[in-house]
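One structure is given below, encoded as structure tokens.
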Amino acid sequence: MAKEKTFKTIFPAVSVPLNDDYSINEEEFRVYLRWIKSFYGKGIEGLVCNGHTGEITDLTRAERKRVVEICAEECPDISLITCHDETLCVSWFPGMDGALIGFAGCVPELICPAREVFANPDKHTLKEAQDWSDRIYHISQAIYGGGQPSGEAHARLKEALYQRGIFSNALMRKPVLPLNQEEKDWVALGLERSKLPKVDMSQFK
């Protein structure tokens, strides 16, 4: 059956079962995916793989790739998306149809061309992929710090939007506390190292 890409559906974020030695239990993962697939046509037409639910931060690059391969083998006729801002480039393997990316709303001029490179590796060089990965890394670390998304990470993202001139302030609703100066400086350094200038928003008003 040909894959029908749709986003008017539910995208469950799949978990990855492990063996006692912490390796991926591929047989159980396949059975789990077939169970999820039994809900196709009942509200589910896609999957999120290599997201936080799938413990991506604890998987090796080879394991992340294997997760995508198994999802594609078991569910070849549905959309597969990833969702992991912090280690985006290593979760963006060929075979993924898209990605749900929080900080694409902050640095789209990095994310869009990077997606082209990683989605079409036959048309681009390894150096291009590494260059985009390197640029994304600095601002990703400034916002997420290598950890899981949190209210503090969202505050740093909003601070980046403010420093870029996109937002007029970086206010967050409580209980998220304002960033201290050190955190603001860290965001500024991430923007500088990722070569992200201020944006002239007047053209969009």
Can you tell me how far the [atom1] atom of [X] sits from the [atom2] atom of [Y], to the nearest 0.5 Å?
X	Y	atom1	atom2	value
L161	S168	CG	OG	11.0 Å
I139	Y144	CD1	OH	9.5 Å
E152	M172	CD	CE	8.5 Å
I111	W132	CD1	CH2	9.5 Å
L47	I81	CG	CD1	9.0 Å
R193	D134	CZ	CG	12.5 Å

Taking [X] for the side chain and [Y] for the main chain, is one N or O donor matched with an acceptor at less than 3.5 Å?
X	Y	answer
E45	G41	yes
E128	T125	yes
N25	N19	no
R135	S194	yes
Q130	K127	no
K123	V117	no
S38	W35	yes
N169	L171	yes
E183	P178	no

Within a strict 4.5 Å, meaning less than it, do heavy atoms of the [X] and [Y] side chains meet?
X	Y	answer
S15	F29	no
V187	I143	no
K158	C106	no
W186	L179	no
I78	I44	no
D58	E63	no
R34	V31	yes
Q163	K184	yes

Next on the checklist: Pair V68, R64 - check side chain to side chain contact (heavy atoms under 4.5 Å, CB included), show working.
Outcome noted: CA-CA 7 Å; V68 174; R64 294 166 185 168; over 6 Å; no
With a cut-off of 6.0 Å (strictly less than), are more than 12 heavy atoms of other residues, nucleotides or ligands near [atom1] of [X]?
X	atom1	value
E182	CD	no
D122	CG	yes
Y32	OH	yes

Where [X] and [Y] come nearest, the two heavy atoms and their spacing:
X	Y	value
P17	E28	CB-OE1, 3.2 Å
K37	E74	NZ-O, 3.3 Å
A170	E159	CB-OE1, 3.4 Å
P12	G46	CD-O, 3.1 Å
I136	A114	CD1-CB, 3.7 Å

Checklist entry - Given V176 and H154, is the side chain to side chain contact (heavy atoms under 4.5 Å, CB included) satisfied, shown in steps? => result CA-CA 9 Å; V176 179; H154 299 152; over 6 Å; no
Item to check | Test item: side-chain donor near acceptor, E116 and H124, under 3.5 Å | outcome: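 Yes, side-chain donor-acceptor contact under 3.5 Å.
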According to a hydrophobic-cluster definition based on side-chain heavy atoms being under 4.5 Å apart (Ile, Leu, Val, Met, Phe, Trp, Tyr only), do [X] and [Y] belong together?
X	Y	value
L80	I36	yes
Y162	L157	no
L196	L189	no

Checklist entry - Can you check side chain to side chain contact (heavy atoms under 4.5 Å, CB included) on R66 and I70, steps first, answer last? => result CA-CA 6 Å; R66 187 61 182 146; I70 294 172; 3.9 Å; yes
Next on the checklist: Between E109 and K195, does any NZ, NE, NH1 or NH2 come within less than 4.0 Å of an OD or OE carboxylate oxygen?
Outcome noted: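 No.
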Item to check | Verdict with supporting geometry, V14 and V48, side chain to side chain contact (heavy atoms under 4.5 Å, CB included) | outcome: CA-CA 6 Å; V14 297; V48 178; over 6 Å; no
